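Throughout, protein chains are lettered first and strands after them, A, B, ... in sequence-line order, and every chain is numbered starting at 1. If you're wondering where the values come from, they're calculated on a predicted model, not measured in any experiment. Only heavy atoms go into these numbers, but all of them, side chains included; no hydrogens, no water, no symmetry mates.
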Protein chains: 2
Amino acid sequence: MKFHDIKNIVIIGTGNVATHIARALSNAGFTISQVYGRNVREAKRLSDEVNSIFTIDTDNIIPDADLYILAITESAITSVLETIPQHNNLIVHTAGSIHMDVLKAYSENFGVLYPLQTFSKKDVINFSDIPFCIEANSQENLESLINLAKSISDDVREVNSEERKLLHLAAVFACNFPNFLYTIAEDILNKKGIRFDILLPLIKKTTEKIYTLSPGDVQTGPAQRKDQETIRKHMALLENIPEYKEIYRLLSEAIIKNK
Amino acid sequence: MKFHDIKNIVIIGTGNVATHIARALSNAGFTISQVYGRNVREAKRLSDEVNSIFTIDTDNIIPDADLYILAITESAITSVLETIPQHNNLIVHTAGSIHMDVLKAYSENFGVLYPLQTFSKKDVINFSDIPFCIEANSQENLESLINLAKSISDDVREVNSEERKLLHLAAVFACNFPNFLYTIAEDILNKKGIRFDILLPLIKKTTEKIYTLSPGDVQTGPAQRKDQETIRKHMALLENIPEYKEIYRLLSEAIIKNK
């Protein structure tokens with residue numbers, strides 16, 4: 001079965017994921033036919049960038065695009081979907097934790113295009129090494145989406161909704177939580193006038209190691225050594241920041257238990 | 001005042017820090033005169049590598065080196081110090097959370113040489129961009145140590161014991177804890193047969209961002225969006241791993257509170 005060739009795309013959403021995906025697909029030669037967004041300024045900004053028209057009214061979403069990409073925050077997906085006219089064209093969402101089947105009621109052709117990456121609007125994103133997790137309701141749609149994703153990424157994988165949920169959860173542990181711990185480290189240093197950048201070589205090395213070794217095999221630090229004296233000293237330094245102290249305690253205990 | 005030129009060095013310890021520092025100093029042209037270690041095999045291994053003699057008896061530590069580097073685990077420093085004959089040559093430790101003054105009883109010349117990095121024995125370490133935090137009991141010793149450190153690193157800083165303690169604490173948040181969170185992410189994925197390496201581009205991007213932006217400004221994820229529905233789903237996925245669930249809960253709450 002030959003996959004359906006996608007040419008014209010409607011982007012629903014104007015946030016970080018919508019912006020980066022629209023940009024990448026436009027650069028790869030796809031036609032972005034329309035951008036939908038609730039906010040005029042944002043919808044205009046993105047549509048200008050990808051040479052498309054825009055609308056802020058879901059009733060005006062054009063009916064004849066080959067693909068509709070719903071790239072909006074997870075908690076808004078259901079409510080936005082309810083305002084979109086039903087059709088039979090291919091519609092996908094880009095969310096980690098939303099089951100593909102929420103799209104069933106809106107089209108006979110649906111799927112998921114989940115880029116496993118963290119997007120900030122101002123960031124320059126090179127999509128080529130970003131894993132794209134693809135799911136679809138039929139083999140034909142799967143092939144269409146894989147083909148599309150391969151035009152912007154070298155790492156395209158078929159991932160079902162259950163696996164995708166776990167990937168999203170793992171990504172929170174691997175990206176969102178470490179970034180928050182960097183924020184704590186920065187705060188601890190800034191309070192004493194020390195600049196955060198002194199930690200950058202350490203952070204770089206920590207993440208370089210896990211390209212070749214399992215993180216479980218390269219754990220270091222006071223908790224890994226069961227160095228209770230240092231742990232006690234660190235907890236004492238955090239006496240006045242109970243929130244940080246509790247995080248230090250919980251993570252240290254977990255590392256010791258995990259040894 | 002001209003600093004005292006360090007030529008001959010005794011390395012006390014055979015662990016990760018001792019190994020990497022001995023190797024780097026030897027490569028930079030210093031003479032490693034002796035390696036002391038409790039374990040014959042380890043002491044021989046390191047002394048072979050840096051062309052020195054070794055001993056497993058603190059009484060046999062040679063008395064006339066220019067510098068003694070105590071590179072052993074923090075909790076063992078006091079007990080090892082007690083077995084070392086007193087002398088007036090320069091002695092330093094390499095620990096983050098130990099005050100410089102613990103060395104006072106063993107020599108009139110003492111200091112600290114703290115490399116802010118995580119060391120695994122099998123790792124190849126390029127010292128040039130590792131921040132070296134230097135402290136000494138006199139201006140002369142400070143200059144000797146700065147001069148030594150500059151021969152292996154481009155980032156040598158004067159850091160007192162109080163600042164060093166905070167740097168060590170911040171390093172736990174920026175390195176040890178994130179690595180443990182990677183271990184959790186790997187465990188979550190491996191349980192379902194998904195390979196951890198799918199997360200590497202995400203981890204790479206997360207740490208690249210903070211080279212130019214403050215981590216507090218690039219926080220993403222469900223907690224940052226106050227997306228309670230996704231948080232609830234993730235907690236449900238962790239129902240059978242209460243340890244991970246508690247870490248997820250605590251860090252998510254802290255991110256929401258920190259917004």
Q. Does the pair B:L251 and A:F173 meet the rule for a side-chain contact (heavy atoms from CB on, under 4.5 Å), with working shown?
A. CA-CA 10 Å; B:L251 289 172; A:F173 278 99; 5.8 Å; no
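Looking at A:S252, both its backbone and its side chain come within 4.5 Å of chain B, counting heavy atoms on both sides. With a 4.5 Å cut-off on non-hydrogen atoms, A:Y248 touches chain B through its backbone and its side chain both. A:V218 touches chain B through backbone and side chain together, each having a heavy atom under 4.5 Å away. Interface residue A:N179: backbone and side-chain heavy atoms are both found under 4.5 Å from chain B. For a residue to count as touching a neighbouring chain, one of its non-hydrogen atoms must lie under 4.5 Å from one of that chain's; by this rule A:F196 touches chain B with the side chain only. Looking at A:L189, the atoms closer than 4.5 Å to chain B (heavy atoms on both sides) all sit in the side chain, from C-beta outward. Contact of A:E246 with chain B is made through backbone and side chain together, with heavy-atom distances under 4.5 Å. For a residue to count as touching a neighbouring chain, one of its non-hydrogen atoms must lie under 4.5 Å from one of that chain's; by this rule A:K191 does not touch chain B. With a 4.5 angstrom heavy-atom cutoff, A:L167 touches chain B via backbone and side-chain atoms both. Of the atoms belonging to A:I194, it is side-chain heavy atoms, and not backbone ones, that fall under 4.5 Å from chain B. If you measure heavy-atom distances from A:I210 to chain B, the contacts under 4.5 Å come from both the backbone and the side chain. For A:E243, the part lying under 4.5 angstrom from a heavy atom of chain B is the side chain only.
Taking CD1 from A:I255 and CD1 from B:I184, the interatomic distance works out to 8.5 Å, rounded to the nearest 0.5 Å.
If you tally non-hydrogen atom pairs under 4.5 Å between each of B:Q224, B:H168, B:K233, B:E229 and chain A, the highest count goes to B:H168. The candidate from B:G216, B:S75, B:G221, B:A254 with the greatest count of non-hydrogen atom pairs under 4.5 Å with chain A is B:A254. Counting heavy-atom pairs closer than 4.5 Å to chain B, the top residue among A:G96, A:G193, A:P115, A:P131 is A:P131. Of the listed residues (A:D129, A:T207, A:L200), the one with the most heavy-atom contacts under 4.5 Å to chain B is A:L200. The greatest number of non-hydrogen atom pairs below 4.5 Å with chain B, out of A:L181, A:D227, A:T206, A:D217, is found for A:L181. Comparing A:K204, A:R157, A:K165, A:R225 by heavy-atom pairs within less than 4.5 Å of chain B, the highest count is held by A:R157.
Under a 4.0 Å N-O distance rule, the pair A:E163/B:K192 does not qualify as a salt bridge.
At distances below 3.5 Å, not a single donor-acceptor pair connects side-chain atoms of A:K205 with backbone N or O atoms of B:T118. At least one donor-acceptor pair under 3.5 Å links the side chain of B:Q219 to the backbone N or O of A:N176.
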